Amino acid sequence: MGINESGQVQTLYWGEHLSAKDHFAAAESMPGASSFDLPVTTTPQEFVGWGGGLFVEPDLKITFPDGNRDLVLKYASHTIDANRLSIVMKDISREVYVTLQYEADAETGILRRSAVIENRTDAPFTIEQIAAGTWNLPRGTDYRLRYLTGHWAGEWSLQEEPVNPGKVVLESRRGTTGAQNNPWFAIDRSGSADQDEGGVWFGALGWSGSWQISVEQDVLQQVRITGGSNAFDFGYLLKKGERFQTPYFYGGYSGHGIGGASRLLHRFEVDSLLPHHPDPKLRPVLYNSWEATGFDVNEAGQMALAEKAARIGVERFVMDDGWFGQRKNDHAGLGDWYVNPQKFPHGLKPLIDKVHSLNMDFGLWVEPEMVNPDSDLYRKHPDWVLEFPGRPHTEARHQLVLNLARPDVRAYVYGFLDKLLKENDISFLKWDYNRNWSEPGWPAVPQEQEKNVYIDFIRNYYSILDELRREHPKVEIESCSGGGSRVDLGVMQYTDEVWPSDNTDAYDRLLIQNGFTYAYTPAAMMAWVTDSPNWVNNRALSLEYRFLSSMQGSLGIGVNLNQWKPEDFATARLMVERYKSIRETVQRGALYRLLTPEHGSEQSVTETVSRDGDQAVVFAFLHSSQENYPFPRIFLRGLDEGATYSISAFAGKLAEGTPKQASGSYWEQHGIDVDLHGDFQAMAFTLKRSR
Ligand code: DGJ
């Protein structure tokens, strides 16, 4: 970037690393397209205020108390401190300062951007639109945009479309991240189907509230990507002397295709973002009884399941919904976080002790931001919910959203969680969130401050997570939102794992998990083995197939163990043991999508190579054999071509005649045939490098 003659911070280049000796022409604003499109609109800028005839998406729009809405920001100064760059900009006449902050991750080249707005005027003003900044692509007309869409039980669909003149807005207006769009994008130039070749520009927002990313091709065919809080219904009152920091907008570039882009993101998340980075703990194999028991939890039933779970090598036992208040179903109890005395007459201790005696740690489900109208909490504090007074409350799953922006609600939520964790030896919380917002009013504050709820709610959510982690350092947390509705780089700074989807059908999961990994690491992707036929679609799949599907992420088990036969326990024991021998590779390694399940593909194959390069793990799935065609040959990637690797199938069979060992080149160039025929078949194998 450079400062042009108008004092704008102008983008000069974003892409592959260049030599430090390379020289850039000085920044000079674009000429403008005509009297209709002035240079402020056509010049690619890092951050631009709405004013002076701007027609592309602004990064910042302000209404001042006198009704004036013009904002023209110019470069004032900058500092560089190690890997951080700060650029201060100021309005041409008002005491409005914006500091653009950039932090570079040396290992992956991923940049973290945000902007800090400072009100040094002598009155409050309202921020009506705010982004962390704008990414400007090199000029080009052949760009393709990829993004993720979805819905409950069908999250993480990869979409692709050309970037055309005009604007595409990816967004959530839901108060939370949402599944309809996820705040991630990737753009390439060639439109190639190859996973590992070609340049890809990508980015993701770290924000769990309403957000937007706009991808705009301007009148000079330049492409700009602007991201931050959603401008819809937005209005943040910034008082005199206050500062407002935007969510982070992360961005990076890979010269190795969309596969390379996701490998960079995975590495960044594991090494620089997730709690305990650069060495987050491997995910333990967990058991969760939700699909087995629903709300019908009690001491004896959970103990019986725990005993069975321990027999197959489970390391963490999690009790889901139903343990608290008057919770018999989803009509009542949310908000009343005391242990239900009928279900657990002696509190949680006997169950927790039992779980510990079986060498597992104990986890518990909570949904802290919600309340059922049928609860003691709501009867006592009906004013604690998001609402427009005098208007109906729209319920979803019979629940309302507590206004976490309120200090008293924040104190209540933190208080009960802290107490729960102090009084019980709990190692893990599954933090759920089962609806979106409606009637987002905050009547307790002055009207001009009400819309601060979009920001203050999320800030309080993060601050509770942060404080809990500091007070209870051994507790791990999962972000779940009725499935994958709250997965983003914001919440992943505070949570060790996320739940991608309530859809646990192992075949549907191939596509869901495939989409998930474009943006997020398998190290955080929970994947349970559940009962067959599956409740979602009545599909029946073998236990081995279900395990292999889940073993591509962080393995969990959610079956009704009371209905298992001895041979199921034997299979499960074996698969869990095998998973433990490959989990470091799966959770930390480099993922290659060899055959994606996208576009109705009959096959799906993933490969993960461990960080030290000594192990590769391959999972192969066949939907159905057609007309006796063999399964396509599998060509591995990411191996050391000169090294020797021995191959061994740990589920299913390799084709007859497969050599026991061969060079990396052989496995990559000659490839591997596997013996997969029929419907819903799966197999897996490992390669081990000889030393
Ligand atoms: C939705 C979650 O996604 C499920 O796993 C389960 O925890 C239920 N909520 C419990 O109400």
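Atoms within each ligand, like the ligands themselves, are counted from 1 in listed order. Count residues from 1 along the sequence. Note: hydrogens, waters and symmetry copies are ignored here, and every other heavy atom, side chains too, is used. Bear in mind the structure is a predicted one, so any value in this text is a computation, not a measurement.
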*Within 45° cone and under 6.0 Å: Arg509 NZ/CZ vs Trp499 ring*: yes
*Give the atoms of ligand 1, by number and element, whose distance to some non-hydrogen atom of Trp499 is under 4.0 Å.*
3 (O), 5 (O)
_Is the ring pair Phe324/Trp365 parallel, tilted or perpendicular, if the boundaries are 30 and 60 degrees?_
parallel
_Give me the residue, atom name and distance of the protein heavy atom closest to atom 6 (C) of ligand 1._
Asp320 OD1, 3.4 Å
*What do you reckon, is NZ of Lys419 surrounded by more than 12 foreign heavy atoms closer than 6.0 Å?*
no
*Determine whether the side chain, the backbone, both or neither of Glu367 has a heavy atom under 4.0 Å from any heavy atom of ligand 1.*
neither
*asked:* Using 30° and 60° as the class boundaries, would you call the ring planes of Tyr454 and Phe234 parallel, tilted or perpendicular?
replied: tilted
*Specify whether Tyr378 and His393 have parallel, tilted or perpendicular ring planes, treating 30° as the upper limit for parallel and 60° as the lower limit for perpendicular.*
perpendicular
*asked:* For atom 11 (O) of ligand 1, what is the closest protein heavy atom, and at what distance to 0.1 Å?
replied: Asp321 OD2, 2.6 Å
*Give the contacting part of Asp330 toward ligand 1: side chain, backbone, both or neither, where contact means a heavy-atom distance below 4.0 Å.*
neither
*Should the pair Phe416 and Tyr412 be assigned to parallel (<30°), tilted (30 to 60°) or perpendicular (>60°) ring geometry?*
tilted
*Asp502 neighbourhood, listing ligand 1 atoms whose heavy-atom distance to it stays under 4.0 Å*: 1 (C), 2 (C), 3 (O), 4 (C), 5 (O)
*Answer yes if the side chains of Glu598 and Asn514 hold a donor-acceptor pair under 3.5 Å, and no otherwise.*
yes
*Is the closest heavy atom of Glu291 to ligand 1 under 4.0 Å?*
no
_Show the atoms of ligand 1 that are less than 4.0 angstrom away from any heavy atom in Gly483._
3 (O)
*Any N or O of Lys430 closer than 3.5 Å to N or O of ligand 1*: yes
*Distance under 6.0 Å and angle within 45° of the ring axis: does Arg311 meet both against Phe569?*
yes
_I need the nearest protein heavy-atom contact for atom 9 (N) of ligand 1: residue, atom name and distance, please._
Asp432 OD2, 2.7 Å
*asked:* Any heavy atom of Arg397 closer to ligand 1 than 4.0 angstrom?
replied: yes
*asked:* Show the atoms of ligand 1 that are less than 4.0 angstrom away from any heavy atom in Cys480.
replied: 2 (C), 3 (O)
